Amino acid sequence: VQSVVVVGASLAGLRTVEALRRRGFTGELILVGNEGYPPYDRPPLSKQVLCGDWEADKTRFRQKQGYDELDLDLRLGCAATRVDTDARLVALDDGTDLNYDRLVIATGATPRRLPNPDGLSGIHVLRGLDDVMALQQELSDAQHVAVVGAGFIGLEVASSCRKLGLAVTAIDPLQLPLSPVLGDEMARELMELHVAQGVRFETGAGVAGFAGERTVQRVELSDGRAVEPDVVVVGIGVTPNVQWLRDSRIELDNGVLCDAHCETSVPGVYAVGDVANFHHATQGKHMRIEHWTHAVEMANAAVEHMIDPAGAAPFAPVPYFWSDQYNVKLQFAGMRSADDEVRVLMRDPEKHRLLAAYHRDGALTAVLAWNRPAQLIQCRRMLGEGAQLSAAVEAFGS
Ligand SMILES: Cc1cc2nc3c(=O)[nH]c(=O)nc-3n(C[C@H](O)[C@H](O)[C@H](O)COP(=O)(O)OP(=O)(O)OC[C@H]3O[C@@H](n4cnc5c(N)ncnc54)[C@H](O)[C@@H]3O)c2cc1C
């Protein structure tokens, strides 16, 4: 392999080029990104940056080391528009064509928006630095924020806005937001945390539309209720960035389809991170996972296969994510199904500490922690080993 092109200069793309150099790849390495900024970290955007604890600059990856040691051709502010897998060529919007021996697709995802036919201002999404800066500007003279979609991003925005002293209303079509991820009991605990911090919930109805003069003034719900915020933040999920691959032979389905080595339907072309819909080697099904740690682990797995195809182990991660809300570090590992039961192993309400095990037919399926990072990491390992619920009970409690 003489040249590798990586498209998408964010977490998954950067970790791919770093892993390639670490594994001894000495050929040409090109990293293409359509944002104007050097690669930066997204989790702090809805947390430390939004609530004003961090300057935006602090989110940059490789602040100290810089990029020289990676010997990288870094093309920022440049979008890939097309790939020709027969000619092994990626076309960029500045007119350049890049040839590759191996291509890595790391183009992530874009937030979904709600219809805004009148083009009202004051309606935001949060994915990148430009988004957080635009939102911060409007929050500076706002009093009331409506968060549409009480998923993790929405609830982090709610938490940061409460820290800023703003009134917050969270709107979600589900009666119990996040219950599909956490189950009813644990979703209720999280909702109660927000209620205790002063967040109002309007749940059980979706958004029918926005109203206002030039700027948004009302969010109308499908059952007739209305909320009157100064600013709206919409967090209703993302769509993978695959438009530029439409005319290629690379198979797409809810992102870029790839196998348990992160390789797509076209040999030599890999997909990593939020954009990749990969075949989980032990679950036996495809999944697209939109979490930070997953992007890092998948980048490493793709590089392993690129460097040593015969020796690389199939990628079979135990999914993991965290979220910071108020003084709670929430962490979740594993794969919970709708009919799993949950058992609380440890609880200290005063310190907001909690460890809960999800299980089915005696087997441990997932673990949720609040402010219990060491136990969560241990449980993630146990999940990887296919542990039983009894093992978790023995290790941690009741
Ligand atoms: C506000 C926020 C908070 C988060 N908090 C957490 C958290 O607490 N815990 C957690 O586990 N996860 C969190 N995540 C998720 C995590 O950040 C993502 O999983 C991670 O960023 C995925 O990395 P990626 O490189 O696959 O995709 P992305 O970070 O989306 O990067 C893709 C890059 O490719 C670029 N691109 C797209 N199309 C093209 C093109 N055609 N040509 C060139 N470049 C292109 C994009 O502009 C972008 O820069 C958060 C995400 C957000 C947005």
Side-chain angles (χ1 to χ4, degrees), residues 5-18 30-51 56 59 61 74-83 90-94 96 98 103-112 124-132 135 149 151-157 159-160 181 233-235 237-246 248 255-256 262 270-278 288-299 302 317 319-325 328-333:
V5 170
V6 179
V7 181
S10 181
L11 178 63
L14 178 62
R15 291 298 185 252
T16 301
V17 298
E18 289 172 343
I30 306 176
L31 179 61
V32 180
N34 63 0
E35 293 184 89
Y37 309 101
Y40 61 89
D41 204 15
R42 294 181 201 278
L45 300 183
S46 49
K47 309 175 183 77
Q48 295 92 335
V49 176
L50 185 59
C51 71
T59 60
F61 292 121
L74 182 58
R75 313 260 181 127
L76 297 175
C78 216
T81 52
R82 194 174 55 84
V83 52
V90 174
L92 305 186
D93 63 354
D94 65 359
T96 319
L98 302 174
L103 172 65
V104 181
I105 299 165
T107 44
T110 300
R112 287 170 47 212
H124 295 258
V125 292
L126 180 49
R127 182 79 191 178
L129 274 175
D130 291 335
D131 297 330
V132 77
L135 176 57
F152 286 106
I153 302 269
L155 290 179
E156 288 181 358
V157 169
S159 160
S160 296
V181 183
V233 184
V234 178
V238 295
T239 22
N241 293 324
V242 296
Q243 305 80 342
W244 64 289
L245 300 167
R246 290 257 177 256
S248 74
V256 180
C262 320
Y270 294 80
V272 293
D274 281 15
V275 77
N277 186 4
F278 74 104
R288 197 169 62 73
I289 297 180
E290 299 161 3
H291 303 316
W292 197 98
T293 307
H294 177 74
V296 175
E297 292 174 348
M298 198 172 188
Y320 162 77
F321 67 85
W322 80 94
S323 173
D324 299 316
Q325 299 172 31
V328 172
K329 174 166 288 294
L330 181 155
Q331 294 169 293
F332 187 94

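One-based numbering, in listed order, for ligands and for the atoms of each. Everything numeric here is computed off the predicted structure, so don't read it as measured data. Here, residue 1 is the first one in the sequence, and each next residue gets the next number. Just the heavy atoms: all of them, side chains too, but no hydrogens, waters or symmetry mates, feed the values below.
Of the candidates Gln331, Arg15, Arg42, Lys47, Arg42 brings a heavy atom nearest to atom 21 (O) of ligand 1.
Given atom 14 (N) of ligand 1, the protein heavy atom at minimum distance is Pro43 CG, 4.2 Å. Summary of contacts: the protein heavy atom closest to atom 44 (N) of ligand 1 is Asn34 N, 3.1 Å. Summary of contacts: the protein heavy atom closest to atom 11 (O) of ligand 1 is Trp292 N, 3.2 Å.
Contacts of Thr110 classified as side chain to side chain donor-acceptor pair (under 3.5 Å), with partners at least two apart in sequence or in another chain: Asn241. When the side-chain contact (heavy atoms from CB on, under 4.5 Å) test is applied to Ala271, the partners found at least two apart in sequence or on another chain are Ile105, Val256, Cys258, Thr264, Ala276.
Atoms of ligand 1 found under 4.0 Å from any heavy atom of Glu290 (numbered from 1 in listed order, with element): 15 (C), 19 (O). Remark: ligand 1 atoms within the under-4.0 Å shell around heavy atoms of Ala106 are 32 (C), 33 (C), 34 (O). Taking every non-hydrogen atom of Cys78 and a distance limit under 4.0 Å, the qualifying atoms of ligand 1 come out as 43 (C). Counting atoms of ligand 1 from 1 in the listed order, those under 4.0 Å from a heavy atom of Asn241 are 37 (C). Near Phe321, meaning under 4.0 Å from any of its heavy atoms, are these atoms of ligand 1: 11 (O). Here is the list of ligand 1 atoms found below 4.0 Å of a heavy atom in Glu35: 47 (O), 48 (C), 49 (O). Each of the following atoms of ligand 1 lies closer than 4.0 Å to a heavy atom of Ile153: 1 (C), 2 (C), 3 (C), 4 (C), 51 (C), 52 (C). Listed by number with element, the atoms of ligand 1 under 4.0 angstrom from any heavy atom of Val7 are 42 (N), 43 (C).
A donor-acceptor pair under 3.5 Å is absent between the side-chain atoms of Ser159 and the main chain of Leu155, judged by distance alone. In this structure, Arg112 contributes its side chain and Thr239 its backbone to no donor-acceptor pair below 3.5 Å.
For the pair His294 and ligand 1, no heavy-atom separation below 4.0 Å is found.
The distance between the ring centers of Phe332 and His291 does not fall below 6.0 angstrom.
For the 3.5 Å distance criterion, the side chains of Tyr320 and Glu297 fail to qualify, holding no donor opposite an acceptor.
Here the CZ-CD distance, from Phe61 to Glu18, works out to 8.5 Å after rounding to the nearest 0.5 Å.
Side-chain atoms of Trp244 and Asn34, non-hydrogen and from C-beta on, never get closer than 4.5 Å to each other.
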